[in-house]
Protein chains: 2
Amino acid sequence: MKRRNTATKEAVLSVLNTSGKAMSQVAIEKKIDVDINRATIYRVLNRYCEDGVLHRIVADDGRQYFALCMKCDEDQKPLHHFHFRCKKCETIECLPIPVHFSLSNDYQVEEVNCVLTGICKDCTKGIGEE
Amino acid sequence: MKRRNTATKEAVLSVLNTSGKAMSQVAIEKKIDVDINRATIYRVLNRYCEDGVLHRIVADDGRQYFALCMKCDEDQKPLHHFHFRCKKCETIECLPIPVHFSLSNDYQVEEVNCVLTGICKDCTKGIGEE
DNA sequence: GTATTATTGCGACATTGTCGCAATAAAATA
DNA sequence: TATTTTATTGCGACAATGTCGCAATAATAC
């Protein structure tokens, strides 16, 4: 299925790009200046995930977050990495820490989802916006 | 607040004990012979988590799972470990694989939630019940 | 046996994520 | 440029998850 360029898609990507962090649908909707339907945002995000533009993180708050992940582009292959969810500024950032584990090969690992939760660097230092 | 012994609480713990895996509220409710209210199960589970009897895992399906985690008792301190969610038999098991990461100490890590998803050992071998 | 209060069932609620349908608009075609 | 094709969108609805307040129940202490 071919993809079309729309203002909506670009707006979503732009928000994620400038934030540099993983964002939930709600956070994206808040940051976007235009008014985009909730379901549409989810569809745009899901399509970007299919196309490998974004990756999805499910945090321990049970919500989905979506990130562009700059780090992925530096390496050839996007390695699984840890994420950090800050309870204070309510953002999720991709940590440049790869996830390592060794599992007997009768397990078929398809997805890796690792999230650390707490207070992030900026908020610890008091830089984080409330 | 003191805790009281009730049939409900014991039934929930018993189900988790015999299963040996992490279970969701729905899975627990299905396995339990008696009829227990949904909200009550959640409250029982949350109380057990507060008391350190259970630990909570949020999987990448966005749902909470609760486990007794035998491995935790062998060591003095319950180390953070990986979990494996099987898409086929829809169970989550605690893997005896500790989670390692080093993060600069201006991050305050409060929770660790690591879940691998795919097809588990038993289901790969065809042992897993459908 | 009685009093205290932790626990439970019930109903209600907010939130999240998805889906079907009709309307819209981007891209391809003539 | 005008027309066709069909990807995208908005809207409404839905199921599922997890929580909470309230009144009723029952475990423990007295």
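If you're wondering where the values come from, they're calculated on a predicted model, not measured in any experiment. Numbers restart at 1 for each chain; the letters A, B, ... are given by sequence-line order, proteins then strands.
Here Thr6(B) reaches the OP1 or OP2 of dT8(C): one of its side-chain N or O atoms lies under 4.0 Å away. Residue Arg3(A) places no side-chain N or O under 4.0 Å from the OP1 or OP2 atom of dT6(D).
Atom pair Glu10(B):CD and dT8(C):C1' shows a separation of 15 Å (rounding to whole Å applied). Rounded to whole Å, the distance from CD on Glu90(B) to P on dT17(D) is 10 Å. In this structure, CD of Glu29(B) is placed 12 Å from C1' of dG9(C), rounded to the nearest angstrom. Between the P atom of dG18(D) and the CZ atom of Phe66(B) lies a distance of 7 Å, rounded to the nearest Å. We find that CG of Asn37(B) is positioned 15 Å from P of dG18(D), with the value rounded to whole Å. Separating the CG atom of Asp60(B) from the P atom of dT17(D) is a distance of 15 Å, rounded to the nearest angstrom. Here the C1' atom of nucleotide dC19(C) and the CZ atom of Arg47(A) are 14 Å apart, to the nearest Å. In this structure, Gln25(A) places its CD atom 12 Å from P of dT15(C), rounding to the nearest Å.
His55(B) and His83(B) have tilted rings, their planes meeting at an angle from 30° to 60° on a 0 to 90° scale.
Judged by closest nucleotide on DNA chain C, Lys2(B) is the one of Ala39(B) and Lys2(B) placed further toward the 5' end. Of the two residues near DNA chain D, Ile41(A) and Arg38(A), the one whose nearest nucleotide lies more 5' is Ile41(A). DNA chain C is contacted by both Asn46(A) and Asn5(A); Asn46(A) maps to the nucleotide lying nearer its 5′ end (nearest heavy atom per residue).
By the rule that hydrophobic residues join a cluster once side-chain heavy atoms approach within less than 4.5 Å of another member, Leu16(B) and Ile57(B) end up as members of separate clusters.
Using a 4.0 Å heavy-atom distance criterion, Asp35(A) is classed as a sugar-phosphate-only contact. Residue contacts shown for Thr8(B) are limited to sugar-phosphate atoms, with no base heavy atom under 4.0 Å away. Residue-level contact check: Arg63(B) touches the backbone only, with heavy atoms under 4.0 Å from sugar-phosphate atoms and none from bases.
The pair Glu111(A)-Lys87(B) meets the salt-bridge criterion, since a charged nitrogen lies less than 4.0 angstrom from a carboxylate oxygen.
Checked against dC19(C), dT18(C), dA25(C), the side chain of Gln64(A) finds its nearest nucleotide in dT18(C). Here the side chain of Thr40(B) is nearest to one of dT8(D), dG9(C), dT28(D), namely dG9(C). Comparing dC22(D), dC19(C), dA25(C) against the side chain of Arg43(B) picks out dC22(D) as the nearest. In this structure, of dT7(C), dT18(C), dT9(D), it is dT9(D) that holds the atom nearest to the side chain of Val44(A). The Tyr42(B) side chain lies nearest to dT19(D) when the options are dG17(C), dG10(D), dT19(D).
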Exercise. Output, in order, the C-alpha distance, side-chain angles, deciding distance and verdict of side chain to side chain contact (heavy atoms under 4.5 Å, CB included) for Phe84(B) and Thr91(B).
Key: CA-CA 8 Å; Phe84(B) 192 92; Thr91(B) 62; over 6 Å; no
Practice problem: Determine, step by step, whether Asp106(B) and Thr124(A) satisfy the side-chain hydrogen bond (donor to acceptor under 3.5 Å, both in side chains) criterion, reporting the C-alpha distance in whole Å, the side-chain angles of both residues, the deciding distance to 0.1 Å, and the verdict. | Solution: CA-CA 6 Å; Asp106(B) 37 13; Thr124(A) 297; over 6 Å; no
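A donor-acceptor contact shorter than 3.5 Å links the side chain of Lys9(B) to the backbone of Arg4(B).
At a cut-off of 3.5 angstrom, counting only N and O atoms as typed in the model, there is a donor on one side and an acceptor on the other between the side-chain of Arg4(A) and the base of dT6(D).
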